[in-house]
Enquirer: 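I'd like to ask some things about the structure below.
Values in this document were obtained by computation on a predicted structure and should not be read as measured data.
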There are 2 protein chains.
Amino acid sequence: MATLKDVARLAGVSVKTVSNVVNGYSFVKPDNRRRVEEALEATGYRPNLGARNLRRGRTGFIALVLPELSIPYFAELAGLVIAAAQEHEWNVLIEQTFGTLAGERSALASLGPHLVDAAILSPEALQDDDFQLSVPAVLLGEHAVDVPIDRVGIDNVAAAQTAVKHLISLGRTRIAAIGAHPHRGTAALRLEGYRTALEEASLPFVDELVVPALNYHRADGAAAMKSLLDLSTPPDAVFCFNDLLAIGAMRAAAERLVRVPSDLAVVGFDNNEESAYSSPSLTSVAPDKTAIARAAVDLLHRRVEARDDALEDVQTPFSLLVRESTVAR
Amino acid sequence: MATLKDVARLAGVSVKTVSNVVNGYSFVKPDNRRRVEEALEATGYRPNLGARNLRRGRTGFIALVLPELSIPYFAELAGLVIAAAQEHEWNVLIEQTFGTLAGERSALASLGPHLVDAAILSPEALQDDDFQLSVPAVLLGEHAVDVPIDRVGIDNVAAAQTAVKHLISLGRTRIAAIGAHPHRGTAALRLEGYRTALEEASLPFVDELVVPALNYHRADGAAAMKSLLDLSTPPDAVFCFNDLLAIGAMRAAAERLVRVPSDLAVVGFDNNEESAYSSPSLTSVAPDKTAIARAAVDLLHRRVEARDDALEDVQTPFSLLVRESTVAR
DNA sequence: CTCAGTCTTTACATCGTTGGAACAACGATG
DNA sequence: CATCGTTGTTCCAACGATGTAAAGACTGAG
């Protein structure tokens with residue numbers, strides 16, 4: 001692997017001159033520039049990023065801390081973050097926490113200026129005092145924590161409200177919710193949106209219709225739906241706090257021969273790609289993931305470039321995509 | 001951020017002694033060791049990986065080059081690769097190529113000893129002479145290319161054959177295939193397995209039942225299925241070269257009110273998590289993704305540690321998971 | 001023809017770490 | 001008591017890049 005030294009020797013100039021050419025700095029005589037460029041070409045020189053960053057005091061990496069790549073929402077988001085990071089010449093390091101406190105703590109502990117320039121975090125279990133960060137960070141989604149860290153995400157209350165209002169507009173009156181969670185801030189906000197929508201329509205808030213989910217996987221949605229279908233009066237609609245729960249719920253409904261949407265209308269949240277192809281296809285709250293990824297990366301870039309202090313809370317747009325799980329073809 | 005120098009000053013020893021303690025090397029007096037450990041604790045020292053790797057001539061990273069994270073198979077695989085890499089103290093850099101030749105070329109070009117120690121590649125379009133690699137690499141899956149690079153994957157011919165034999169055992173005689181592709185090696189092998197299974201059962205190979213797919217997304221599967229259903233005699237079974245195609249195919253079938261599995265049996269390939277929850281759930285060839293990830297990473301680790309030259313072709317196990325898309329509950 | 005001022009290049013130190021050589025301390029050995 | 005081997009420690013150079021300061025080359029004005 002060629003180094004600056006090799007190129008310099010070949011071009012008959014000093015190492016620094018080559019460095020200057022590579023970085024487009026300062027004044028270099030046309031004649032030298034040409035020779036250096038030829039030498040660069042001939043040797044196939046590529047800068048050693050480790051060395052460059054050591055010298056510059058940057059690492060060239062940002063961390064993306066998320067629960068699990070096998071969760072479609074995070075996989076899709078990760079893809080978009082990688083694309084957005086590329087524009088700032090950042091590489092993305094993905095850390096999986098599996099949603100556990102231990103996993104999140106260890107991921108956070110491994111961050112630091114020696115490894116990454118900044119971090120995008122999607123924590124689920126962390127408490128306030130875990131956030132002793134040594135690099136700029138952005139939180140994705142809302143959280144139970146109240147820490148002075150930038151945030152990017154949609155308005156969860158409004159989004160949930162929109163979803164439930166849609167169910168109400170279809171004439172449903174016994175609307176269940178799946179995904180309540182004791183610690184997750186996002187869950188609390190979506191629940192609040194659910195409650196608000198019911199209130200606005202003067203529908204009662206029925207405890208037995210709100211089912212918690214400790215995890216947000218398909219299996220949890222199926223289990224929750226089964227318990228709802230076991231009620232003496234089952235719901236005629238269900239709002240799931242993410243698409244995986246909804247897919248699981250629809251699966252459970254199908255197994256009990258409950259028809260969607262006629263017997264049961266289902267709304268999800270996240271708009272995973274798979275939701276457009278399920279049978280029936282799933283109505284879902286669609287956050288603008290591209291906007292989230294871009295906003296998060298851009299925010300970090302500004303923080304790293306110039307430490308300006310105003311705390312930011314970026315609200316990205318969302319929409320409700322109505323599909324067959326609420327309105328039959 | 002504390003450096004070795006800070007720790008050394010605090011402990012009253014030389015930098016190298018601290019380095020020795022950190023790396024567990026050599027002999028250090030118990031007394032000094034204790035003092036150093038206290039100082040490490042007090043300063044919260046964490047090694048600067050850039051500097052360490054610069055010195056050691058390693059980068060601490062491996063690249064994972066894949067088409068797209070929003071494809072569930074690759075997302076799941078990426079998660080497993082990250083986990084496997086962690087055991088060798090490697091961080092994983094994910095590069096998305098979006099399955100294009102340009103994307104793959106640029107990803108390959110950006111690799112190099114200055115950035116990563118090794119690479120795991122999942123190319124779809126690259127030609128033989130594109131593989132001018134400067135770091136050890138592993139190819140995932142089979143390929144049309146014939147290059148001296150280690151490979152990890154399942155026996156695609158046998159796997160496809162198993163899938164089609166299963167359909168035949170159900171009494172299906174007009175079995176279609178979706179996913180033929182002019183350049184992809186994997187597609188060619190799966191097609192070969194399909195053909196072999198038909199031959200063994202003395203069933204005719206019918207051209208019109210083999211539908212190509214330029215991409216392997218759900219939309220492509222739906223489009224292909226529609227064309228099959230438009231045939232004067234539609235198939236009674238279909239083998240899709242991946243689960244996304246199968247999900248799309250089932251979706252198209254549902255839209256045409258074709259019942260799965262009674263009218264049409266469907267088999268997929270990859271066993272994505274979503275396939276267990278679709279309605280009906282999808283019968284699929286399940287490669288052992290954990291084994292693939294682990295084998296790939298371990299292989300690279302051996303290559304990096306000791307350059308031994310025997311070309312390896314690791315065959316990982318697979319199984320056929322029979323679900324409702326071929327056998328009704 | 002000198003000098004100031006601008007442009008261009010170079011030598012050197014430095015980022016944080018580790019390998020190797022050199023050195024110091026030590027008890028054991030002859 | 002000189003010598004030795006072992007153990008423990010320090011010093012120095014190096015990885016590859018870049019910032020700084022200073023030196024060198026060139027220009028035009030006086």
Side-chain angles (χ1 to χ4, degrees), chain A residues 1-37 39-40 43-61 89 91 110-117 134-135 304, chain B residues 1-37 39-40 43-61 89 91 112-117 134-135 304:
Chain A
M1 203 66 196
T3 72
L4 279 188
K5 209 155 103 184
D6 303 325
V7 180
R9 189 164 27 218
L10 188 59
V13 298
S14 78
V15 172
K16 191 63 211 292
T17 298
V18 181
S19 171
N20 286 338
V21 171
V22 169
N23 292 287
Y25 278 160
S26 148
F27 312 87
V28 179
K29 273 211 189 131
D31 187 45
N32 276 345
R33 161 153 289 151
R34 190 184 44 74
R35 292 228 306 289
V36 169
E37 274 164 357
L40 284 172
T43 55
Y45 171 81
R46 320 221 86 214
N48 179 319
L49 297 185
R52 167 180 288 174
N53 292 325
L54 169 61
R55 185 59 243 234
R56 288 190 178 162
R58 301 172 80 257
T59 70
F61 294 96
E89 300 195 305
N91 277 114
S110 81
L111 301 181
H114 58 288
L115 185 60
V116 295
D117 297 330
S134 48
V135 293
V304 169
Chain B
M1 204 66 196
T3 71
L4 280 187
K5 209 155 102 183
D6 304 323
V7 179
R9 190 165 28 219
L10 187 61
V13 297
S14 78
V15 171
K16 189 63 208 291
T17 298
V18 181
S19 170
N20 285 338
V21 171
V22 170
N23 293 287
Y25 279 160
S26 154
F27 311 86
V28 179
K29 268 204 191 139
D31 187 46
N32 276 347
R33 160 154 290 152
R34 189 184 44 72
R35 290 227 309 290
V36 169
E37 275 163 358
L40 284 172
T43 54
Y45 171 80
R46 321 221 86 215
N48 179 318
L49 297 184
R52 168 179 286 176
N53 292 325
L54 171 61
R55 183 60 243 233
R56 287 189 178 163
R58 303 173 76 254
T59 70
F61 294 97
E89 299 194 306
N91 277 114
H114 58 287
L115 184 62
V116 296
D117 298 331
S134 49
V135 293
V304 170

Enquirer: Looking at A:Ser19, does any N or O in its side chain come under 4.0 Å of the phosphate oxygens OP1/OP2 on D:dA17?
Expert: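 No, no such contact exists.
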Enquirer: Which residues satisfy the side chain to side chain donor-acceptor pair (under 3.5 Å) test with B:Arg9, sequence neighbours excluded?
Expert: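 Residues passing side chain to side chain donor-acceptor pair (under 3.5 Å) with B:Arg9: B:Asp6.
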Enquirer: Tell me every residue that passes side chain to side chain donor-acceptor pair (under 3.5 Å) with B:Thr43, counting only those two or more places apart in sequence or in another chain.
Expert: none
Enquirer: Filter on salt bridge (Lys or Arg N to Asp or Glu O under 4.0 Å), then keep only pairs touching residues 47-60 of chain B, sequence neighbours left out; what's left?
Expert: B:Arg58-B:Asp117
Enquirer: Between the protein and nucleotides 4-7 of chain D, list the N/O to N/O atom pairs that are separated by less than 3.5 angstrom.
Expert:
none

Enquirer: What integer distance in Å separates A:Leu4:CG from C:dT14:P?
Expert: 20 Å
Enquirer: Can you give me the closest heavy-atom contact between A:Val116 and A:Val135, atom names plus distance?
Expert: O-CG1, 3.5 Å
Enquirer: Please name all residues satisfying salt bridge (Lys or Arg N to Asp or Glu O under 4.0 Å) with B:Arg46, sequence neighbours left out, ordered by chain then number.
Expert: none
Enquirer: Suppose we screen for ring pair (Phe, Tyr, Trp, His ring centres under 6.0 Å). Which residues come up paired with B:Phe61, at least two apart in sequence or across chains?
Expert: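 B:Phe61 satisfies ring pair (Phe, Tyr, Trp, His ring centres under 6.0 Å) with A:Phe61 once adjacent residues are dropped.
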Enquirer: For a quick check of understanding: with a heavy-atom distance under 4.0 Å over all strands, which category does B:Asn23 fall into, base, sugar-phosphate or nothing?
Expert: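 Sugar-phosphate, no base atom in range.
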Enquirer: Would you write out the dot-bracket form of DNA chain C, 5' to 3', with Watson-Crick and G-U pairs under 3.5 Å, [ ] for crossing pairs, | for pairs to other strands and . for unpaired bases?
Expert: ||||||||||||||||||||||||||||||
Enquirer: Which distance, rounded to the nearest 0.5 Å, do you find between the OG1 of B:Thr3 and the OH of B:Tyr45?
Expert: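 Between B:Thr3 OG1 and B:Tyr45 OH, I get 7.5 Å after rounding to 0.5 Å.
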Enquirer: Among residues 7-17 of chain B, which contact DNA chain D at a heavy-atom distance under 4.0 Å?
Expert: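 By residue number: B:Val13, B:Ser14, B:Lys16, B:Thr17.
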Enquirer: Output the rounded distance in Å from CZ (A:Arg33) to C1' (C:dT8).
Expert: 11 Å
Enquirer: Shorter than 3.5 Å, N or O on both sides, protein versus nucleotides 13-15 of chain D: list them out with atom names.
Expert:
residue	atom	partner	partner atom	Å
D:dA14	N3	B:Arg55	NH1	3.1
D:dC15	O2	B:Arg55	N	3.4

Enquirer: Under a 4.5 Å cut-off applied to non-hydrogen side-chain atoms, are B:Leu40 and B:Val18 in contact?
Expert: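 Yes. Closest side-chain heavy atoms under 4.5 Å.
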Enquirer: Would you indicate whether the side-chain heavy atoms of B:Val13 and B:Val36 approach each other to under 4.5 Å?
Expert: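 Yes. Closest side-chain heavy atoms under 4.5 Å.
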Enquirer: Tell me every residue that passes side-chain contact (heavy atoms from CB on, under 4.5 Å) with B:Ser14, counting only those two or more places apart in sequence or in another chain.
Expert: B:Lys16, B:Thr17
Enquirer: Under the side-chain contact (heavy atoms from CB on, under 4.5 Å) test, which residues partner A:Leu115, sequence neighbours left out?
Expert: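 Checked A:Leu115 against side-chain contact (heavy atoms from CB on, under 4.5 Å); matches are A:Leu93, B:Leu49, B:Asn91.
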Enquirer: Got a sec, which residues hit side-chain contact (heavy atoms from CB on, under 4.5 Å) with A:Val15, two or more places apart in sequence or on another chain?
Expert: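 For A:Val15 the side-chain contact (heavy atoms from CB on, under 4.5 Å) partners, ignoring immediate neighbours, are A:Leu4, A:Lys5, A:Ala8.
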